[in-house]
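Report on one structure; see the data block that follows.
None of these values were measured; they are calculated from a predicted model. Here, residue 1 is the first one in the sequence, and each next residue gets the next number.
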Amino acid sequence: MRIPRNSRLFCLLISLSFIPPLCIIFGLLAYLNESMRICLPFSIERISLTAHRKLSCQPPSSNYFNTPYSTGTGLKGIMAQAEADAVNGNTIQEERLAGFLRSQKETFLDDLKKGNAKGWTVVMGNEAGDLDSIASSISYSYLSSSLDAKRSIPLILTPSNLMTLRPENLLALKLSSVPLDSLLHPEQLSIPTDELSSKGVKFGLVDHNKLLPLFIPSSSNTNTTTQLPGSITNGHAAEGEDSVESIIDHHDDEHSHPDAAVREITVPTGSCASLVTKHFQDRWRASISGPAGQKGSPVPSELATLLLEAILIDTSGLKPNRKATPIDYASAQFLYPLSTLYSDNDPTPSTSNVQNGDTEVVEFSQDGSNIPQDLTSLTDKLQSTKSDVSSLSTPQLLLRDYKEYLLPTSSNSYPTLKVGLSTVPLGLKVWLDKEPGGFESFLTEVESYMSDRDLDVEGVLTTFSNSQGKHRRELALIVRTGGTIRSDQEVKKVLEELKVGLESSGDILDLKKWNKDDKNSELSVWEKWNDKVVVWKQGNTKSTRKQVAPLLVSD
């Protein structure tokens, strides 16, 4: 009997005919190992959120989460909401970026536990854990996942229990709607970090360009972030291949991982976040070129905000004669109209038209004259938050922005010294006033910190503004016995050699004797311990740890 085409039975049979092929497809996908799967380039969230997370390259949409901060409210509204949440104890309202981080964290940890980590790329910043490293690793991971269909996840090297030592990071993450528990930290992994590459994991490096020893199976310094001298050509010695597949950085090239598929090191550049933006800018722009504009892009506005925050804090708000370069200005002007900070009512001249993909704005002048007020206000808020370290103890101040290095020497007694460098946003005189015993108790605290970390040398780099608002830097070196160095005579010799090397740097640092404690005294208080301590005023305030470290630990 012939069934009429408009029959309900006919429609039902047609519908049912699709079920067997779908069952076969989903059965096959379920059978395949995770590392063998090819993610779908479109969303299936309307069918099943669970299936979407497992099978789609796209992150879950913001509709799945709580109501986000209103886009286009500008900094004033966002800050008011964030401060109100802090007062009322409210949790961060999550958007697409937070959803991506949670989903990737859950899936990666599950794959790692099952031994199916092949195909994943772990993206990490440097061990100091500043905002530039965090923003760059999060953004590179998201953009490579959403625009390049990569399986990528950011790894934050700062232990989760130490995240509060950098309040500026907490503020930036809050304004980007990223809760701390959505981030992945090394202590949350089910295997040691030096075993990741043996499971097929690849690495993406941002804000540094040499894989840290704790990720290298063959390293004798596993489970440490100490930076080794020399280059690394093989980050996966077990199989004779380099596990580093991408590098984006603005530090001096350490000539490691020459075969990385992406290797973009641009010096000078104020912020690594600017380079991450530049790397993805063409594909990002293309994603908003359709009729839906920014709303049709897989990249959420809070990601642009996070990148912009990192650029601002690393370039002092794009101020002239600081660290900002043309790349930083170009990246900032691209990001601003895409961010949650942008408002159509912004009085700054612009020609932004996000709806059709044209995000060009009037160039941010490099004399700082037309930087939008929202960005200036955000910079001030981030900088003041970063500088408020009054509640931190001396060990916490030393740890909050810290890197370790190995210094090779010509001595048979101590062929290699372990050096720590801490950047502290506090003047030494104010710091000493906090200590009950002045410099003596300060020195006791520093030496205890050095002993805990098995350091031979600790460098303290202070950065602050004086009462006239002028930027100032100081540099202190402390050498300790009891580690590699066994005698007081050796300590004195090492200190003298380091002094000669740093003072001969000339205008790079422009070091002068520090005597801020008592100008009426012939000896500064630190000189009572000048056999193991030296303190300078640093005349060249533009030189940071990037310049000090190579001078201190060069071969």
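Other residues, nucleotides and ligands contribute more than 12 heavy atoms inside 6.0 Å of the NZ atom of K546.
Between P372 and Y342, the closest side-chain pair of non-hydrogen atoms is not below 4.5 Å. Between V122 and F108 there is a side-chain heavy-atom pair separated by less than 4.5 Å. Under the 4.5 Å side-chain criterion, counting only non-hydrogen atoms from C-beta, L378 is not in contact with L308. Annotation: side chain of L212 is not in contact with side chain of T193 (no heavy-atom distance under 4.5 Å). Between I156 and M163, the closest side-chain pair of non-hydrogen atoms falls below 4.5 Å. Side-chain contact check for P154 versus L101: some heavy-atom pair is nearer than 4.5 Å. Annotation: side chain of L211 is in contact with side chain of S243 (closest heavy-atom distance under 4.5 Å). E245 places none of its side-chain heavy atoms less than 4.5 Å from the side chain of V262.
In this structure S246 satisfies the side-chain hydrogen bond (donor to acceptor under 3.5 Å, both in side chains) test together with Y140, sequence neighbours excluded. Not counting sequence neighbours, E195 has no partner by the salt bridge (Lys or Arg N to Asp or Glu O under 4.0 Å) test. Evaluation of the salt bridge (Lys or Arg N to Asp or Glu O under 4.0 Å) rule for D253 yields R263 as partners, not counting sequence neighbours. For S274, the side-chain hydrogen bond (donor to acceptor under 3.5 Å, both in side chains) criterion is met by D328, not counting sequence neighbours. D388 pairs by the salt bridge (Lys or Arg N to Asp or Glu O under 4.0 Å) definition with nothing, not counting sequence neighbours. For D252, there are no salt bridge (Lys or Arg N to Asp or Glu O under 4.0 Å) partners, not counting sequence neighbours. Partners of S160 according to the side-chain hydrogen bond (donor to acceptor under 3.5 Å, both in side chains) rule, which considers only residues two or more places apart in sequence or in another chain, are E187. Remark: S297 pairs with S287 by the side-chain hydrogen bond (donor to acceptor under 3.5 Å, both in side chains) rule, at least two apart or across chains.
Scanning both residues, V178 and S182, for their nearest heavy atoms gives CG1-OG, 3.6 Å. Taking every heavy atom of both residues into account, K202 and D242 meet most closely at NZ-O, 3.7 Å. The nearest pair of heavy atoms linking T463 to H471 is OG1-NE2, 2.8 Å. The two atoms that bring I311 and A273 nearest to each other are CG1-CB, 3.9 Å, heavy atoms only. For the pair F100 and S152, the tightest heavy-atom approach, listed with the atom from each and the gap, is CZ-O, 3.8 Å. Shortest non-hydrogen contact noted between L175 and T340 is O-OG1, 4.4 Å.
Salt-bridge check for E309 with K174: failed, with every basic side-chain N at 4.0 Å or more from each acidic carboxylate O. A salt bridge is defined here as a Lys NZ or Arg NE, NH1 or NH2 lying under 4.0 Å from an Asp or Glu carboxylate O, and R102 with D181 meets this definition.
A donor-acceptor pair is defined here as one N or O able to donate and one able to accept, closer than 3.5 Å; no such pair exists between the side chain of H208 and the backbone of D249. Side-chain N or O atoms of K199 include none that pairs as donor or acceptor with a backbone N or O of G115 at under 3.5 Å. Not one N or O on the side chain of R166 forms a donor-acceptor pair closer than 3.5 Å with the backbone of L162. Without hydrogens or angle criteria, S339 side chain to Y336 main chain gives a donor-acceptor distance under 3.5 Å. Judged purely by atom type and a 3.5 angstrom limit, S384 uses its side chain to pair as donor or acceptor with the backbone of D380. When atom types are taken as modelled, the side chain of D148 and the backbone of K150 share no donor-acceptor pair closer than 3.5 angstrom. No donor-acceptor pair under 3.5 Å is formed between the side chain of E94 and the backbone N or O of G99. Using modelled atom types, one side-chain atom of S137 and one backbone atom of S133 make a donor-acceptor pair closer than 3.5 Å. Between the T379 side chain and the S316 main chain, no donor and acceptor come within less than 3.5 Å of each other. Of the possible polar contacts, none joining the R400 side chain to the V389 backbone as a donor-acceptor pair under 3.5 Å is found.
One distance of note links CD of E302 with CZ of R96; it measures 6.5 Å at 0.5 Å rounding. Taking CG from L341 and CD from Q373, the interatomic distance works out to 12.5 Å, rounded to the nearest 0.5 Å. Here the CD atom belonging to E254 is positioned 5.0 Å from the CG atom belonging to N209, to the nearest 0.5 angstrom. Rounding to the nearest 0.5 Å places CG of L275 at 10.0 Å from CD1 of I265. If you take CG on L131 and CG on L307, they are separated by 9.5 Å, rounding to the nearest 0.5 Å. How far CD of Q333 is from CD1 of I371: 9.0 Å, rounded to the nearest 0.5 Å.
Applying the salt bridge (Lys or Arg N to Asp or Glu O under 4.0 Å) definition to pairs two or more places apart or across chains, none involves residues 310-319. Residue pairs meeting the ring pair (Phe, Tyr, Trp, His ring centres under 6.0 Å) criterion with at least one member in residues 282-328, sequence neighbours excluded: W284-F334. Within the structure, no pair that satisfies the salt bridge (Lys or Arg N to Asp or Glu O under 4.0 Å) test touches residues 128-142, not counting sequence neighbours. Identified under the salt bridge (Lys or Arg N to Asp or Glu O under 4.0 Å) test for residues 266-279, with sequence neighbours left out: none.
Only one option out of L303, V299, T305, L173 pairs with L97 in a side-chain contact (heavy atoms from CB on, under 4.5 Å); it is L303. No option in K118, K105, R151 other than R151 meets the salt bridge (Lys or Arg N to Asp or Glu O under 4.0 Å) test with D111.
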Practice task
Begin from the C-alpha positions of W120 and T107 and carry the test side chain to side chain contact (heavy atoms under 4.5 Å, CB included) through to its verdict.
Solution key: CA-CA 10 Å; W120 278 96; T107 306; 3.9 Å; yes
Exercise for the section: Could you walk me through whether L189 and L196 pass side chain to side chain contact (heavy atoms under 4.5 Å, CB included), step by step? Expected result: CA-CA 9 Å; L189 300 174; L196 287 172; 4.0 Å; yes
Problem - CA sep, side-chain torsions, deciding dist, call: Y142, L306, side chain to side chain contact (heavy atoms under 4.5 Å, CB included) - result: CA-CA 12 Å; Y142 188 100; L306 184 60; over 6 Å; no
Exercise for the section: Starting from the C-alpha separation in whole Å, work towards a yes-or-no answer on side chain to side chain contact (heavy atoms under 4.5 Å, CB included) for S144 and T121. Expected result: CA-CA 10 Å; S144 64; T121 299; over 6 Å; no
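Judged purely by distance below 3.5 Å, without hydrogens or angles, the side chains of S271 and H250 never pair a donor atom with an acceptor atom.
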